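In each ligand, atom 1 is the first atom listed, and ligand 1 is the first ligand listed. Note that the coordinates shown come from a computational prediction; the quantities given were computed from them, not determined experimentally.
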Amino acid sequence: MDALGTDWALDWVRRSAAVVAEHKAELSGLDRAIGDGDHGENLDRGFRAVIAKLDDATPETPGAVLKLVATTLISTVGGASGPLLGTAYLKGAQAAGDAPQLDAAAVVALLTAARDGVVSRGKAEPGDKTMVDAWTPAVEAAEHARGAGGDATAVLQAAADAAAAGAESTDPLVARKGRASYLGERAVGHRDPGAQSSAYQLRAAADAAEG
Ligand code: ADP
Ligand code: MG
């Protein structure tokens, strides 16, 4: 699609909630290997709260949807990932502003702002084995797709593909941020849970754009 509206944002959120619920045990399993085993439960609790809030609220723009996600995740997810992901959605919401529709350039701006929010809050760089390893390649691929003339859907598909590859790229890394950094070499061979859940959320955004 050329431009994505509120229906897309709502579908993105519902698909994210569904994919997090579906992969809750897997995400907590990844976190059990290199953290404290709560990532799937944390995120699932957050997205359930988001869905419950959507039953009452009627956000009228994509930005308003993302802002609701942000405030709810910040207040319900906890841990490291709650404030980080909450900041991603908050900055994404701010980039979207009150536009009723987001074109390819606006989607790139949204993803860039979200990634920048995670980085400014968590101070992780690519290669530190965090969710930044999913978000940064996603932003780069989104920019590239937009530069090649892709529409909003193509931009999100490129972002989702790159985020999935980025999550996979964390497997051989030693962690330099978050709980996994306490493990040193023992984190090698395990995927970062936050990178994996970020990749699922970006895939949900692309699937929602495809309709
Ligand atoms: P906690 O580590 O507090 O238990 P979660 O298990 O919910 O929180 O989330 C862990 C995820 O948070 C990690 O897999 C990683 O992707 C992400 N993370 C942790 N610290 C940072 C950071 N400084 N910057 C970016 N992401 C981080
Ligand atoms: Mg954890």
Side-chain angles (χ1 to χ4, degrees), residues 13 16-51 66 69-92 110-141 159-160 162-205:
V13 176
S16 288
V19 76
V20 164
E22 186 190 341
H23 292 277
K24 177 169 76 164
E26 177 207 318
L27 292 169
S28 283
L30 294 176
D31 195 31
R32 205 168 301 119
I34 61 169
D36 58 356
D38 63 356
H39 187 61
E41 272 76 19
N42 285 349
L43 260 195
D44 185 52
R45 182 172 59 247
F47 272 103
R48 278 175 197 276
V50 171
I51 296 302
L66 298 181
V69 175
T71 54
T72 310
L73 292 185
I74 288 169
S75 63
T76 56
V77 173
S81 62
L84 287 163
L85 271 179
T87 303
Y89 282 98
L90 192 63
K91 296 297 177 187
L110 185 168
L111 295 174
T112 304
R115 186 276 312 270
D116 290 351
V118 173
V119 170
S120 74
R121 180 137 201 148
K123 311 280 183 249
E125 293 174 8
D128 283 351
K129 198 176 181 104
T130 72
M131 63 175 76
V132 170
D133 291 326
W135 282 97
T136 290
V139 166
E140 287 167 359
E168 209 178 319
S169 81
T170 66
D171 293 7
L173 299 177
V174 170
R176 287 191 290 253
K177 287 279 187 264
R179 281 180 204 280
S181 64
Y182 309 145
L183 292 178
E185 294 288 330
R186 279 180 291 150
V188 170
H190 300 285
R191 184 159 310 175
D192 179 64
Q196 186 63 49
S197 63
S198 294
Y200 286 145
Q201 289 166 74
L202 288 166
R203 179 66 66 197

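With hydrogens left out, the protein atom closest to atom 10 (C) of ligand 1 is His39 ND1, 4.2 Å, a heavy atom. What sits closest to atom 18 (N) of ligand 1 on the protein, heavy atoms only, is Leu84 CD1, 3.7 Å. Protein heavy atom nearest atom 24 (N) of ligand 1, with residue, atom name and distance: Ala124 CB, 3.5 Å. Annotation: atom 3 (O) of ligand 1 to nearest protein heavy atom, Ala80 N, 2.8 Å. The protein heavy-atom contact nearest to atom 23 (N) of ligand 1 is Gly122 O, 2.9 Å. Protein heavy atom closest to atom 20 (N) of ligand 1, with residue, atom name and distance, is Gly178 CA, 3.6 Å. The protein heavy-atom contact nearest to atom 1 (P) of ligand 1 is Arg179 NE, 3.4 Å. Looking only at heavy atoms of the protein, atom 17 (C) of ligand 1 is closest to Met131 CE, 3.8 Å.
The backbone N or O of Gly127 lies less than 3.5 Å from a partner atom in the side chain of Arg176, making a donor-acceptor pair. In this structure a side-chain-to-backbone donor-acceptor pair under 3.5 Å is missing from Asp128 to Thr130. Although no hydrogens or angles enter the test, the distance criterion places no donor-acceptor pair under 3.5 Å between the side chain of Lys129 and the main chain of Gly178. For the pair Thr136 (side chain) and Pro126 (backbone), a donor-acceptor distance under 3.5 Å is absent. Under a 3.5 Å cut-off, the side chain of Ser28 and the backbone N or O of Glu41 do form a donor-acceptor pair.
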Exercise for the section: Let me see the working for Gln196 and Leu30 under side chain to side chain contact (heavy atoms under 4.5 Å, CB included), right down to the final yes or no. Expected result: CA-CA 9 Å; Gln196 186 63 49; Leu30 294 176; 3.9 Å; yes
Exercise for the section: Go through Glu168 and Arg191 one step at a time and tell me if the side chain to side chain contact (heavy atoms under 4.5 Å, CB included) criterion holds. Expected result: CA-CA 7 Å; Glu168 209 178 319; Arg191 184 159 310 175; 3.2 Å; yes
Practice task
Could you give me the CA-CA distance, side-chain angles and deciding distance for Asp133 and Ser198, then say whether side chain to side chain contact (heavy atoms under 4.5 Å, CB included) is met?
Solution key: CA-CA 9 Å; Asp133 291 326; Ser198 294; over 6 Å; no
Handout entry: Worked verdict on Leu85 versus Leu43 for side chain to side chain contact (heavy atoms under 4.5 Å, CB included)
Key = CA-CA 10 Å; Leu85 271 179; Leu43 260 195; 3.5 Å; yes
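Residue Asp38 approaches ligand 1 through these ligand atoms, each under 4.0 Å from one of its heavy atoms: 4 (O), 5 (P), 6 (O). The contact set between ligand 1 and Lys177, taken as ligand atoms under 4.0 Å from a residue heavy atom, comprises 23 (N). Listed by atom number, the atoms of ligand 1 under 4.0 Å from Asp36 heavy atoms are 4 (O).
Side-chain contact between Val77 and Phe47 is absent, with no heavy atoms from C-beta onward closer than 4.5 Å. Side-chain contact between Asn42 and Leu27 is absent, with no heavy atoms from C-beta onward closer than 4.5 Å.
A salt bridge links Asp44 to Arg48: at least one charged side-chain nitrogen sits closer than 4.0 Å to a carboxylate oxygen.
Summary: OD2 is the N/O/S atom of Asp31 found nearest to the Mg ion (ligand 2). Looking at Asp36 and the Mg ion (ligand 2) together, the shortest N, O or S contact belongs to OD1. The nearest N/O/S atom of Asp38 to the Mg ion (ligand 2) is OD1.
The proximity of Asp31 to ligand 1, defined as any non-hydrogen pair under 4.0 Å, is limited to the side chain.
Counting only non-hydrogen atoms, the option in Leu27, Asp192, Val132 that gets closest to atom 16 (O) of ligand 1 is Asp192.
Considering backbone and side-chain atoms alike, Gly78 places every N or O at 3.5 Å or more from each N or O of ligand 1. In terms of polar-atom proximity, defined here as any N/O pair under 3.5 Å, Val118 makes no such contact with ligand 1.
Contact annotation: Pro193 has at least one heavy atom less than 4.0 Å from an atom of ligand 1.
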